[in-house]
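Letters A, B, ... are given to chains in the order of the sequence lines, protein chains preceding strands, and every chain is numbered from 1.
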There are 2 protein chains.
Amino acid sequence: MDQIRKEDYHSLDEETLFIVSQTFKALSDPTRIRILHLLFEKECSVTEISDCLELKQSNVSHQLRFLKNLRLVKYRREGKTIYYSHDDEHVMKTLQQTIHHALHE
Amino acid sequence: MDQIRKEDYHSLDEETLFIVSQTFKALSDPTRIRILHLLFEKECSVTEISDCLELKQSNVSHQLRFLKNLRLVKYRREGKTIYYSHDDEHVMKTLQQTIHHALHE
DNA sequence: TTATAATATGAATACATGAACATATGAGTT
DNA sequence: AACTCATATGTTCATGTATTCATATTATAA
């Protein structure tokens with residue numbers, strides 16, 4: 001009875017909930033937003049990112065790993081340099097839309 | 001020179017960064033996602049929310065305050081009961097899209 | 001006015017998170 | 001091989017956050 005009431009609405013399964021929350025968590029930190037926003041414009045090496053955004057290299061690497069685990073970024077190696085680029089159109093679109101929305105209030 | 005490089009790309013001002021990160025932070029917690037997802041379907045009292053999602057009333061109140069501060073939800077009073085509903089079309093659309101995306105991978 | 005129902009608030013706690021530092025790895029160079 | 005550059009990783013620390021319990025507020029009913 002209570003059970004029926006509870007299930008009256010289309011509740012979210014735990015896995016979906018986890019994926020969704022993780023995705024938004026990636027976008028909830030200013031540093032990661034700045035990195036993704038930069039990668040939206042162009043592919044960048046780790047050093048370029050840390051120089052451009054004035055962040056410690058280790059910090060950038062940690063954040064990139066986080067984003068890579070969620071498959072929001074990908075990378076390719078070129079000699080000693082590793083170039084990162086974004087890898088999730090949907091998330092990038094979401095980020096751009098929300099930035100645009102915030103800018104125009 | 002470095003300065004010019006840094007500003008080559010359209011960087012985000014601090015306020016925008018803050019608004020965007022806060023918005024996504026609201027969506028980065030499973031409990032808040034469940035609450036917003038429920039409110040997407042219908043206006044609910046605090047008690048309904050806590051019953052429906054099996055959450056402590058105080059927990060629900062705390063999360064609702066968080067969402068209210070960001071103007072993601074609004075409320076109206078009816079006697080002793082307070083009914084909450086969503087109040088940001090853009091954020092709700094973003095949430096729905098991301099849930100849909102996660103469900104269909 | 002007292003009692004009760006619905007909600008909000010404050011404090012405590014356990015846990016997660018972001019940043020920094022030091023150090024390790026790995027690829028190219030000499 | 002030793003050296004250097006680019007990046008990754010491990011650890012520590014301070015801060016932030018989610019949840020819970022206890023209690024306060026607010027509105028209605030008796």
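- Using a 4.5 Å heavy-atom threshold, the side chains of A:Gln97 and B:Gln97 count as touching.
- Among the protein residues, A:Ser61 comes within range of the nucleic acid bases, having at least one heavy atom under 4.0 Å from a base atom.
- Atom C1' of nucleotide D:dA8 and atom CD1 of A:Ile82 are separated by 8 Å, given to the nearest angstrom.
- Here the C1' atom of nucleotide D:dG16 and the CD atom of B:Gln22 are 11 Å apart, to the nearest Å.
- A:Tyr84 comes within contact range of the sugar-phosphate backbone alone, with a heavy-atom separation under 4.0 Å but no base atom that close.
- The CZ-P distance, from B:Phe24 to D:dG16, rounds to 22 Å in whole Å.
- Annotation: side chain of B:Leu27 is not in contact with side chain of B:Arg32 (no heavy-atom distance under 4.5 Å).
- Nucleotide C:dT7 holds its C1' atom 13 Å from the CD atom of B:Glu48, rounded to whole Å.
- B:Leu53 and B:Tyr83 are assigned to two separate hydrophobic clusters, defined by single-linkage of ILVMFWY side chains at heavy-atom distances under 4.5 Å.
- Distance, A:Asn69 CG to D:dA8 C1': 13 Å, rounded to whole Å.
- B:Leu38 is listed as a side-chain neighbour of B:Cys44, based on a closest heavy-atom distance under 4.5 Å.
- Rounded to whole angstrom, the span from the CD1 atom of B:Ile49 across to the P atom of D:dT19 amounts to 14 Å.
- In this structure, CZ of B:Arg34 is placed 14 Å from C1' of D:dT19, rounded to the nearest angstrom.
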For nucleotides 18-30 of chain C, read 5' to 3', which letter fits each nucleotide if B means a protein heavy atom sits under 4.0 Å from the base, S means only the sugar-phosphate is that close, and - means neither? SSBBB----BS--
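- The interatomic distance linking B:Tyr83 (OH) with C:dA6 (P) rounds to 10 Å, in whole Å.
- The stretch residues 61-76 of chain A participates, sequence neighbours left out, in these salt bridge (Lys or Arg N to Asp or Glu O under 4.0 Å) pairs: A:Glu43-A:Arg76, A:Lys74-A:Asp87, A:Arg76-A:Glu78.
- Under a hydrophobic-cluster definition in which Ile, Leu, Val, Met, Phe, Trp and Tyr are linked whenever side-chain heavy atoms come within less than 4.5 Å, directly or via other members, B:Ile35 and B:Phe66 are assigned to the same cluster.
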